[in-house]
Protein chains: 2
Amino acid sequence: MATPKPGKPVRGSKTGQPIMALFDLLGRSWAMGIIWHLYRGPSTFRKLQEYCESISPTTLNKRLKELTESHLIERSIDGYMLTKQGKELFELLSPLGKWAKTWANNYTSK
Amino acid sequence: MATPKPGKPVRGSKTGQPIMALFDLLGRSWAMGIIWHLYRGPSTFRKLQEYCESISPTTLNKRLKELTESHLIERSIDGYMLTKQGKELFELLSPLGKWAKTWANNYTSK
DNA sequence: TAGCTTTGCTATTAAATATGTAGCAATTTA
DNA sequence: TAAATTGCTACATATTTAATAGCAAAGCTA
């Protein structure tokens with residue numbers, strides 16, 4: 001499957017509306033988890049595999065390529081790391097962490 | 001596949017960390033798109049199918065069940081709609097729309 | 001510098017998900 | 001009361017993801 005690009009047809013939008021292209025990209029397995037982990041700092045392929053517990057190398061490699069093509073991550077001497085844009089995106093996603101905790105509480109009480 | 005629940009093993013976390021449970025839930029195809037569309041107001045099953053362009057009824061139904069179990073959407077006389085929690089979540093996701101536009105610009109210029 | 005380890009993958013097969021299409025029972029509308 | 005709409009389900013197929021093995025290249029290590 002091709003890397004979703006704004007302006008091209010993606011899941012959710014034939015005209016490739018940016019938000020839908022983003023959802024297509026982030027909606028693939030592990031994509032958000034990878035970004036989440038990389039915010040802590042650069043990481044090698046093998047370290048990412050450990051962090052992401054059960055990710056298969058095939059899938060990890062695919063996600064890394066997609067995120068690289070999308071300018072959200074890049075390779076450095078220390079391994080994969082977030083780009084400036086990638087960090088920006090993380091900062092938008094980050095409030096979800098807090099929200100998820102209250103969601104979890106609410107959940108268990110029901 | 002079971003609906004991901006915080007506290008239970010999910011993709012990305014054996015202990016079911018809330019953020020990972022959320023990513024597992026939102027990371028399934030169309031999940032974020034459905035929330036996005038429902039923010040405009042309640043919608044029937046068929047309307048959602050139209051909005052989501054190419055979603056199959058099988059997948060839509062599955063997503064709707066998962067999101068309902070997760071207390072993010074509920075049914076009303078007017079169709080499916082976001083719960084209070086669902087709206088909160090949308091509001092956290094909403095900044096992504098703006099970000100995605102600048103991301104798209106950056107993209108096409110490269 | 002020969003051997004051992006680590007890293008970043010690829011290949012292959014199997015399992016899980018998503019799609020596409022048809023269609024049906026239960027309302028709602030005309 | 002016939003026709004249309006809605007909310008699905010069934011089933012076959014296609015696409016994604018996972019699991020496992022393992023290999024080439026680079027970096028130690030003795």
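Rounding to whole angstrom units, CZ of residue B/Arg46 and C1' of C/dA25 are separated by 12 Å. In this entry the distance linking CD1 of A/Ile55 with P of C/dC9 reads 13 Å, nearest Å. Between the P atom of C/dT7 and the CD atom of A/Gln49 lies a distance of 11 Å, rounded to the nearest Å. Atom CG in B/Leu25 sits roughly 15 Å away from atom C1' in C/dT17 (whole-Å rounding). Between the C1' atom of D/dT17 and the CG atom of B/Asp24 lies a distance of 13 Å, rounded to the nearest Å. At whole-Å resolution of the value, CD in A/Glu66 and C1' in D/dT17 are 12 Å apart. Computed from coordinates, the A/Lys62 NZ to D/dA18 C1' distance equals 11 Å when rounded to whole Å. Atom CG in B/Leu60 sits roughly 10 Å away from atom P in C/dT19 (whole-Å rounding).
For the side-chain contact (heavy atoms from CB on, under 4.5 Å) with B/Leu60, the lone residue among B/Trp30, B/Tyr80, B/Phe45 that qualifies is B/Phe45. Of the residues listed (A/Glu66, A/Lys65, A/Arg28, A/Glu69), the one engaging A/Thr3 in a side chain to side chain donor-acceptor pair (under 3.5 Å) is A/Glu69, and it is the only one.
For C/dG8, neither phosphate oxygen OP1 nor OP2 lies less than 4.0 angstrom from any side-chain nitrogen or oxygen of A/Asn61. Regarding contacts with the backbone of C/dT17, every side-chain N or O of B/Arg11 stays at 4.0 angstrom or more from both OP1 and OP2. Contact annotation: A/Tyr80 side-chain N/O to C/dT7 OP1/OP2 distance is not under 4.0 Å. For C/dT19, neither phosphate oxygen OP1 nor OP2 lies less than 4.0 angstrom from any side-chain nitrogen or oxygen of B/Arg63.
Within 4.0 Å of B/Lys47, counting heavy atoms only, lies no atom of the nucleic acid at all. Contacts of B/Thr44 with the nucleic acid, taken as non-hydrogen atoms under 4.0 Å apart, involve only primed sugar atoms and P, OP1 or OP2.
One distance of note links CD of B/Gln17 with CG of B/Asp24; it measures 13.0 Å at 0.5 Å rounding. The OG1 atom of B/Thr15 lies 13.0 Å from the NZ atom of B/Lys8; values are rounded to the nearest 0.5 Å.
With hydrogens and angles left out, the side chain of A/Ser29 and the base of D/dA18 share no donor-acceptor pair within 3.5 Å. Taking 3.5 Å as the limit, the base of C/dG20 and the side chain of B/Thr58 contain a donor-acceptor pair of atoms between them.
Among the nucleotides C/dT19, C/dA22, C/dG8, the one closest to any side-chain atom of B/Pro57 is C/dA22. With C/dT19, D/dA21, D/dT17 as the choices, the nucleotide that has an atom nearest any side-chain atom of B/Trp30 turns out to be C/dT19. Closest to the A/Ser56 side chain, of the nucleotides C/dG23, D/dA19, D/dC23, is D/dA19.
Counting non-hydrogen atoms of neighbouring residues, nucleotides and ligands closer than 6.0 angstrom, the NZ atom of B/Lys101 reaches no more than 12 such neighbours.
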